[in-house]
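To start, the structure under review is shown below, and the notes come after it.
Positions are given from 1, in the same order as the sequence printed here.
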Amino acid sequence: MELPGLEWLNLITRWIHLIVGIAWIGSSFYFVWQDNSLLPTRDDPERKKLQGDIWMVHGGGFYHARKFKVAPPDLPQHLHWFKWEAYSTWLSGFALLVLVYYLNGATYMMPADGDLSQTAAVAIGLGALAASWLVYDGLCRSPLGRDDRWLAVAVVVLVAVLSYAMTHLLSGRAAFLHVGAALGTIMVANVFFVIIPNQRKSVNAMRAGETPDPVWGMKGKQRSVHNTYFTLPVLFLMISNHYPIAYDHPHSWLVLLALSAVGAAVRHVFVLRHTHRAKAWMLPAAGAAMVVVILAGTASRTLNAPATAASDAAPLTAEAAGSLTPVVTAIVQSRCTACHAAQPTWEGFDAAPMGVVLETPDHIRHWAGKIHEQAVASDAMPLGNVTDITPEERALLGRWIAAME
């Protein structure tokens with residue numbers, strides 16, 4: 001679609017999403033730290049009602065925070081609610097899905113080897129968001145919800161099924177971002193449907209002169225803990241569209257799960273540090289796990305790379321590469337420049353994506369590294385292979401780039 005100012009709208013929405021996302025994650029990190037750093041309040045007359053307190057110094061001032069086990073004796077006049085950070089993050093993120101994917105669904109969401117229609121692609125994306133929350137919420141409300149360990153296993157299985165389904169139905173980039181959007185939807189729905197309503201029940205009970213039910217706080221806390229462990233995986237998925245080495249991997253759903261597991265493990269180390277239970281080996285272990293993921297991913301990509309005829313795989317001399325420059329230019333111009341041109345002719349593009357213009361041999365040499373990353377080492381470009389570039393053409397581009405370096 002050609003909409004006036006669409007690129008500006010995309011930029012502003014992305015900026016807003018980043019700002020409010022930082023606000024939400026920042027407040028989440030702070031309260032998780034505070035919860036796990038509380039010390040017993042031995043000299044407080046209300047020690048039976050307090051879970052603990054913490055003294056802090058920041059910005060030149062001292063702070064004293066206390067947490068009640070259920071609720072304070074009296075409701076304060078001013079009570080701050082933490083909710084709009086979460087709601088704004090989801091709303092701006094969903095707006096980005098609409099701008100980037102749903103308005104151009106057939107181009108951006110269709111896998112290279114499929115013929116997914118725009119309507120079907122959007123339906124799959126929206127369905128994934130709704131279904132993920134409904135299944136997750138059902139698990140939490142089921143008997144599994146009474147055992148945090150088994151519930152955690154069930155949630156991991158849910159994420160695995162979601163990752164497998166998305167990476168086999170949508171393009172790699174769209175799949176990763178939709179898994180992230182589904183987890184983000186679960187997080188904000190936890191706030192909207194469970195945490196805030198239960199907090200309102202507690203406030204309303206106090207206003208009615210009643211003692212709030214501790215179960216309301218326990219259920220909210222359970223969902224809040226889940227949100228804590230989703231945070232770093234969601235951040236990884238938010239930036240994953242820049243890295244075809246992950247989303248275009250032949251086993252991309254396993255890459256997604258492995259990197260998400262590393263992120264959740266690192267978040268767990270942060271949580272343990274709050275209570276001084278983290279061990280020195282934990283973060284290095286997470287780093288080692290990351291190295292294992294990289295090595296396994298690289299080996300798997302190599303084993304799954306399509307075989308190339310010996311004549312095609314032979315390296316080119318500089319002289320031979322020079323003679324092939326017109327052929328390479330023709331390939332790029334026929335497969336890439338509809339979008340990557342000073343004046344793109346592909347519908348929906350007012351400017352070359354990422355500023356990459358590929359109209360001349362000099363342009364192609366300048367962007368050789370990006371071409372290799374996106375179209376040779378991976379099948380990320382052209383999007384959905386809409387211009388039908390062949391494996392032989394990709395191989396020729398790779399040999400030419402190698403010889404020209």
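Among pairs with a residue in residues 11-20, those fulfilling side-chain hydrogen bond (donor to acceptor under 3.5 Å, both in side chains) read Asn10-Arg14, His17-Ser92, at least two apart in sequence or across chains. The side-chain hydrogen bond (donor to acceptor under 3.5 Å, both in side chains) pairs that include a residue from residues 74-86 number zero, where partners must be two or more places apart or lie in different chains. Every pair passing side-chain hydrogen bond (donor to acceptor under 3.5 Å, both in side chains) that includes a residue from residues 136-146 is listed here, sequence neighbours excluded: Tyr136-Asn190, Tyr136-His226, Asp137-Arg141, Asp137-Arg223. Residues in residues 146-166 take part in these ring-ring contact (aromatic ring centres under 6.0 Å, His included) pairs, two or more places apart or across chains: Tyr164-His168, Tyr164-Trp253.
When all heavy atoms of Val293 and Ala258 are compared, the closest pair comes out as CG2-CB, 3.7 Å. Across all their heavy atoms, Val191 and Asn227 have their closest contact at CG2-ND2, 4.0 Å. Closest heavy-atom contact between Leu177 and Leu237: CD2-O, 3.1 Å. Taking each heavy atom of Ser163 and Leu257 in turn, the nearest pair found is OG-CD2, 3.8 Å. Across all non-hydrogen atoms, the minimal contact from Ala286 to Val266 is CB-CG2, 3.8 Å. The two residues Val262 and Ala289 have their closest heavy-atom pair at CG2-CB, 4.2 Å.
Counting heavy atoms from C-beta on, the side chains of Arg394 and Leu397 never come closer than 4.5 Å. Looking only at side-chain heavy atoms (C-beta outward), Ile196 and Arg200 come within less than 4.5 Å of each other. Side-chain contact between Phe176 and Phe236: present, with at least one pair of heavy atoms (C-beta onward) separated by less than 4.5 Å. In this structure, the side chains of Thr89 and Val188 stay at 4.5 Å or more apart for every pair of heavy atoms. Counting heavy atoms from C-beta on, the side chains of Asp147 and Leu151 never come closer than 4.5 Å. Between Ser334 and Thr387 there is no side-chain heavy-atom pair separated by less than 4.5 Å. Leu126 is listed as a side-chain neighbour of Tyr102, based on a closest heavy-atom distance under 4.5 Å. The shortest distance between side-chain heavy atoms of Pro212 and Met206 falls below 4.5 Å.
Geometrically, Arg267 does not engage Phe230 in a cation-pi contact, judged by NZ or CZ lying under 6.0 Å from the ring centre and within 45° of the ring axis.
Judged by distance alone, with hydrogens and angles left aside, the side-chain atoms of Ser28 form no donor-acceptor pair with the main-chain N or O of Trp24 at under 3.5 Å. Side-chain atoms of Gln222 come within 3.5 Å of backbone N or O of Gly145 as a donor-acceptor pair. Checking side-chain atoms of Asp53 against main-chain N and O of Arg66 turns up no donor-acceptor pair under 3.5 Å. The backbone N or O of Thr360 lies less than 3.5 Å from a partner atom in the side chain of His363, making a donor-acceptor pair. Within the 3.5 Å criterion, the main-chain N or O of Glu359 finds a donor-acceptor partner in the side chain of Gln333. Side-chain atoms of His340 do not come within 3.5 Å of backbone N or O of Cys336 as any donor-acceptor pair.
Residues forming a salt bridge (Lys or Arg N to Asp or Glu O under 4.0 Å) with Arg207 (at least two apart in sequence, or on another chain): none. Residues passing the side-chain contact (heavy atoms from CB on, under 4.5 Å) test with Ala352, sequence neighbours excluded: Val357. For Arg173, the salt bridge (Lys or Arg N to Asp or Glu O under 4.0 Å) criterion is met by no residue, not counting sequence neighbours. Under the rule for a salt bridge (Lys or Arg N to Asp or Glu O under 4.0 Å), Asp388 has no partner lying at least two apart in sequence or in another chain. Remark: Lys370 pairs with Glu373 by the salt bridge (Lys or Arg N to Asp or Glu O under 4.0 Å) rule, at least two apart or across chains. Residues satisfying the ring-ring contact (aromatic ring centres under 6.0 Å, His included) criterion with Trp90, sequence neighbours excluded, are Phe94. Partners of Val225 under the side-chain contact (heavy atoms from CB on, under 4.5 Å) rule, at least two apart in sequence or in another chain, are Lys221, Tyr229. In this structure, the side-chain contact (heavy atoms from CB on, under 4.5 Å) partners of Ala175, at least two apart in sequence or on a different chain, are Met166, Thr167, Leu170.
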Could you go through Met187 and Thr231, starting from their C-alpha distance and side-chain angles, then the distance that decides it, and tell me whether this counts as side chain to side chain contact (heavy atoms under 4.5 Å, CB included)?
CA-CA 9 Å; Met187 292 172 69; Thr231 303; 4.0 Å; yes
Take Ile195 and Phe82 through the side chain to side chain contact (heavy atoms under 4.5 Å, CB included) test and state the conclusion after the steps.
CA-CA 10 Å; Ile195 297 173; Phe82 288 84; over 6 Å; no
Check the pair Tyr247, His178 against ring pair (Phe, Tyr, Trp, His ring centres under 6.0 Å), reporting the backbone distance first and the verdict last.
CA-CA 12 Å; Tyr247 68 72; His178 275 80; over 10 Å; no
Derivation of the side chain to side chain contact (heavy atoms under 4.5 Å, CB included) call for Val157 and Val161
CA-CA 6 Å; Val157 172; Val161 171; 4.3 Å; yes
Begin with the C-alpha distance, continue with both residues' side-chain angles, and end with the deciding distance and a verdict on side chain to side chain contact (heavy atoms under 4.5 Å, CB included) for Lys69 and Lys49.
CA-CA 6 Å; Lys69 291 180 179 178; Lys49 296 182 179 180; 5.9 Å; no
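The CG atom of Leu396 sits 9.5 Å away from atom CD1 of Ile389, with the distance rounded to the nearest 0.5 Å. Expressed to the nearest 0.5 Å, how far CG of Leu103 lies from CG of Leu97 amounts to 11.0 Å. To the nearest 0.5 Å, atom CG of residue Asp362 and atom CG of residue Leu358 are 12.0 Å apart. Annotation: the span from Thr329 atom OG1 to Trp400 atom CH2 amounts to 6.5 Å, rounded to 0.5 Å. Leu235 contributes atom CG, which lies 11.0 Å from atom OG of Ser260 (distance to the nearest 0.5 angstrom). For the atom pair Thr228 OG1 and Asp35 CG, the distance stands at 9.0 Å (nearest 0.5 Å).
Few gaps surround NZ on Lys67; more than 12 heavy atoms of other groups in view lie less than 6.0 Å from it. When the shell of 6.0 Å around CZ of Phe62 is examined, it contains 12 or fewer heavy atoms from other residues, nucleotides or ligands. Taking a 6.0 Å sphere around CE of Met56, one finds it holds more than 12 heavy atoms contributed by other residues, nucleotides or ligands. Atom CZ of Arg273 has 12 or fewer neighbouring heavy atoms from other residues, nucleotides or ligands inside a 6.0 Å radius.
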